[in-house]
Amino acid sequence: MRRLPRHLVMLTCLLLLPLTARGQVLVSTDGQSDPRDTGWTYRGHTREMPSWGPDAQTDNRCLHAASGGQYDGWQSPDFPTTPGAYYQVSFRAKATGQSFAAALWCNADRDEMRSDQYCGISASDDWQPYTFCFRAREGSRSGRVRFRGDSGNLLHVDDVSVAAVTDEQVLAWSDALYSALPPLTYAAPAGRGQRIPRAMQALRDGKPLRVVLLGDSIVNDLDNSAWEVLLRRAYPTAQIAIVTSIEGGTGCETYRKEGMVKRYVLDHKPDLVILGGISNKSAESVHDVVRQIRAASDTEILLLTGAFGMRYKPPTAPDWTPAIDPQGKDYRSQLLRIALEEQCELLDLQGALDAYFRDTKLDPATCMRDVVHPNDRGRALMGRVLVRYLSPSSAPPEANLDAASEKIPGENP
């Protein structure tokens, strides 16, 4: 039998898995009855269409959403979440333009909803299956799912289902995403991890490792790559607890202000701080945050250069290399000097992705959900760079990806 190309295999959604394999359904709607009867709510307008009713091309009923603002669209009722647990959202959709689905969680101490995991929905005249997985953040007690069009685009959604999933199912989803891409070219440098020895030892010994991720929406996207599940494939006994200290569009110019390091970092008592993003206006602001952390604790620090960003394009100069110039004036060079001075670890995430897109000639747009942020594919790349950096050997801890893509496909178009 002729084997289907990977990109066609990947269009099949995890929704096709048996219900028992995905766990108990926490919230759902098949669109055939009014979703408001089961607690779904709608905000905004849908231009010429009602918010629920027949598809324009068929008699099949579904949800309709068009965004006039960030919070417009359909929203599910709350469902209970367990901090650190993973959940899978499956649905079918079509849209007149780029649209979004988002999983959100309710923070127990502040009782407010904040965006967690975004799934980009591409423009399509035909129904397409989608799936994405997200982790409930520390302190969460409930979650919900939101669907919205972007910039007024009309979005149709049907057959929504949210269920808890195991690490093995998250790995299958992540492997399926990654297997549709050219292989990652990044190789972790020799000698890495020497400035975060306690964190590396905790991973090897299976001792609790508490990690704070500090930064902006790009760091949030990195955390939404299921990187800690991938890392547990390299360290099967690892006990990783994650606190994601994120404010969208926020860099160290904000985090350096009085009381912010205490609130976003020190109060969480981390063993390791991972600090990155594209919103740091200066390397000096990063240096100030590092100094404050150093002055108040002995936590280890891993600095990250940026990734993706506004209309991201890889470098094109013929003589470009991913090596950082120790004497350079750019942000990466300044960050390298900070890492050396403060004895922080440095992962050049930007250099790794620049080299990947340059070497593979893959269009970065295929890995972005908008002009700034990565989609599921882009997040898979970021997460695997981090995992390779923290892994015990240079060999990537990755499964048989051909087998993964055929067993449990999960790519979003």
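- Side-chain contact, Glu247 with Tyr264: a donor N or O sits under 3.5 Å from an acceptor N or O.
- Relative orientation of the Phe91 and Tyr130 rings is parallel, given thresholds of 30° and 60° on the angle between their planes.
- Note that CG of Leu266 and CD of Gln292 are 8.5 Å apart. Values are rounded to the nearest 0.5 Å.
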| task | Just do the side chain to side chain contact (heavy atoms under 4.5 Å, CB included) check on Leu381 and Leu181 with the steps written out, would you? | result | CA-CA 9 Å; Leu381 291 173; Leu181 296 168; 3.9 Å; yes
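- Annotation: salt bridge (charged side-chain N to carboxylate O under 4.0 Å, His left out) contacts of Asp271 (sequence neighbours excluded): none.
- Side-chain contact, Arg135 with Gln117: no donor N or O sits under 3.5 Å from an acceptor N or O.
- A donor-acceptor contact shorter than 3.5 Å is absent between the side chain of Thr185 and the backbone of Pro183.
- From Met382, atom CE reaches atom CD of Gln350 across 12.5 Å, with rounding to the nearest 0.5 Å.
- One side chain, Asp330 or Ser333, offers a donor N or O that lies under 3.5 Å from an acceptor on the other.
- At a cut-off of 3.5 Å, with distance as the only test, a side-chain donor of Ser90 or Gln88 sits close to an acceptor on the other residue.
- Here the side chain of Ser282 pairs a donor or acceptor atom with the backbone of Ser285 at under 3.5 angstrom.
- Side-chain atoms of Ser225 never come within 3.5 Å of backbone atoms of Ala380 as a donor-acceptor pair (strictly under, hydrogens ignored).
- Between Phe147 and Trp74, the ring center distance fails the sub-6.0 Å criterion.
- Of the inter-residue distances, the one linking Cys367 atom SG with His373 atom NE2 reads 15.0 Å to the nearest 0.5 angstrom.
- Screening Asp125, Asp126, Asp55 for a side-chain hydrogen bond (donor to acceptor under 3.5 Å, both in side chains) with Lys94, the sole residue that qualifies is Asp55.
- Shown here is Arg311, whose CZ atom has no more than 12 heavy atoms of other residues, nucleotides or ligands within 6.0 Å.
- Put simply, the side chain of Thr81 gets close to the backbone of Ser142: a donor and an acceptor are under 3.5 Å apart.
- Under the 3.5 Å distance criterion, the side-chain polar atoms of Arg92 are left unmatched by any main-chain donor or acceptor of Val157.
- Formation of a donor-acceptor pair under 3.5 Å by the His64 side chain with backbone atoms of Gly53 is found in this model.
- Side chain of Arg369 to backbone of Gly378: no donor-acceptor contact under 3.5 angstrom is found.
- Using a 4.5 Å heavy-atom cutoff, the side chains of Asp175 and Arg233 are in contact.
- Between Thr244 and Ile242 there is a side-chain heavy-atom pair separated by less than 4.5 Å.
- Of all heavy-atom pairs spanning Gly149 and Ser99, the tightest one is CA-OG, 3.5 Å.
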Please list every donor-acceptor pair under 3.5 Å in which a side-chain atom of residues 336-349 meets a protein atom from a residue at least two apart or in another chain.
{"unit_1": "Arg337", "atom_1": "NH1", "unit_2": "Pro326", "atom_2": "O", "d": "2.7"}
{"unit_1": "Arg337", "atom_1": "NH1", "unit_2": "Gly328", "atom_2": "O", "d": "2.8"}
{"unit_1": "Arg337", "atom_1": "NH2", "unit_2": "Gly328", "atom_2": "O", "d": "2.9"}
{"unit_1": "Glu342", "atom_1": "OE2", "unit_2": "His287", "atom_2": "NE2", "d": "2.7"}
{"unit_1": "Gln343", "atom_1": "NE2", "unit_2": "Leu340", "atom_2": "O", "d": "3.0"}
{"unit_1": "Glu345", "atom_1": "OE1", "unit_2": "Arg195", "atom_2": "N", "d": "3.0"}
{"unit_1": "Glu345", "atom_1": "OE2", "unit_2": "Gly193", "atom_2": "N", "d": "2.5"}
{"unit_1": "Glu345", "atom_1": "OE2", "unit_2": "Tyr389", "atom_2": "OH", "d": "2.6"}
{"unit_1": "Asp348", "atom_1": "OD1", "unit_2": "Thr305", "atom_2": "OG1", "d": "2.7"}
{"unit_1": "Asp348", "atom_1": "OD1", "unit_2": "Arg332", "atom_2": "NE", "d": "3.2"}
{"unit_1": "Asp348", "atom_1": "OD1", "unit_2": "Gly351", "atom_2": "N", "d": "3.0"}
{"unit_1": "Asp348", "atom_1": "OD2", "unit_2": "Arg332", "atom_2": "NE", "d": "3.4"}
{"unit_1": "Asp348", "atom_1": "OD2", "unit_2": "Arg332", "atom_2": "NH2", "d": "2.5"}

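- A donor-acceptor contact shorter than 3.5 Å links the side chain of Asp363 to the backbone of Ala365.
- Between Thr237 and Lys207 the shortest side-chain heavy-atom distance does not fall below 4.5 Å.
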| task | Decide yes or no on ring pair (Phe, Tyr, Trp, His ring centres under 6.0 Å) for Phe132 and Tyr118, but give the supporting numbers first. | result | CA-CA 9 Å; Phe132 65 100; Tyr118 277 89; 8.9 Å; no
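- Listed by chain and residue number, Ala85, Tyr87 satisfy the side-chain contact (heavy atoms from CB on, under 4.5 Å) test with Thr82 (two or more places apart in sequence, or in another chain).
- Two residues are said to be in side-chain contact when any heavy atoms from C-beta on lie closer than 4.5 Å; Leu214 and Val289 meet this criterion.
- When only modelled atom types and interatomic distance are considered, Gln32 and Arg61 share no side-chain donor-acceptor pair under 3.5 Å.
- Between Asp354 and Tyr312, the closest side-chain pair of non-hydrogen atoms falls below 4.5 Å.
- Across all their heavy atoms, Pro314 and Pro364 have their closest contact at CD-CG, 3.6 Å.
- Both the sub-6.0 Å distance and the 45° axial angle are satisfied by Arg384 relative to the ring of Tyr178.
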| request: Could you go through the side chain to side chain contact (heavy atoms under 4.5 Å, CB included) check for Ile246 and Val219 one step at a time? | output: CA-CA 7 Å; Ile246 296 297; Val219 177; 3.7 Å; yes
| task | Given salt bridge (Lys or Arg N to Asp or Glu O under 4.0 Å), test Arg137 with Asp223 step by step and report yes or no. | result | CA-CA 10 Å; Arg137 299 288 170 84; Asp223 194 34; 3.6 Å; yes
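- Scanning both residues, Val229 and Tyr86, for their nearest heavy atoms gives CG2-CE1, 3.5 Å.
- Between the CG atom of Asn375 and the CZ atom of Arg377 there is a distance of 4.5 Å, given to the nearest 0.5 Å.
- No side-chain donor from either of Asp216 and Thr250 sits under 3.5 Å from a side-chain acceptor of the other.
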| task | Go through the steps for Val290 and Val273 under the test side chain to side chain contact (heavy atoms under 4.5 Å, CB included), then give the verdict. | result | CA-CA 10 Å; Val290 169; Val273 174; over 6 Å; no
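- Ile218 and Pro374 make their closest contact through CD1-CD, 4.0 Å (heavy atoms, listed as atom of the first residue, atom of the second, distance).
- Note that OG of Ser76 and CZ of Arg146 are 9.5 Å apart. Values are rounded to the nearest 0.5 Å.
- Looking at Val212 and Ile274, their side chains never come closer than 4.5 Å, going by heavy atoms from C-beta outward.
- Side-chain N or O atoms of Arg192 include one that pairs as donor or acceptor with a backbone N or O of Ser391 at under 3.5 Å.
- Interatomic distance, CG of Leu213 versus CG of Leu386, reported as 8.0 Å (0.5 Å rounding).
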| message | Before you tell me yes or no, could you show the steps for Thr29 and Trp40 under side chain to side chain contact (heavy atoms under 4.5 Å, CB included), namely the whole-Å CA-CA distance, both residues' side-chain angles and the distance that decides it to 0.1 Å? | response | CA-CA 9 Å; Thr29 179; Trp40 288 73; 3.6 Å; yes
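- With a 4.5 Å cut-off on side-chain heavy atoms, Leu272 and Arg210 do not count as touching.
- Shown here for Leu155 and Ala93, the closest heavy-atom pair between the two residues is CD1-CB, 4.2 Å.
- At least one donor-acceptor pair closer than 3.5 Å links the side chain of Glu300 to the backbone N or O of Arg198.
- Contact annotation: the side chain of Leu302 never approaches that of Leu275 to less than 4.5 Å [non-hydrogen atoms, C-beta and beyond].
- Considering every non-hydrogen atom in both Tyr331 and Val286, the closest pair reads OH-CG2, 3.5 Å.
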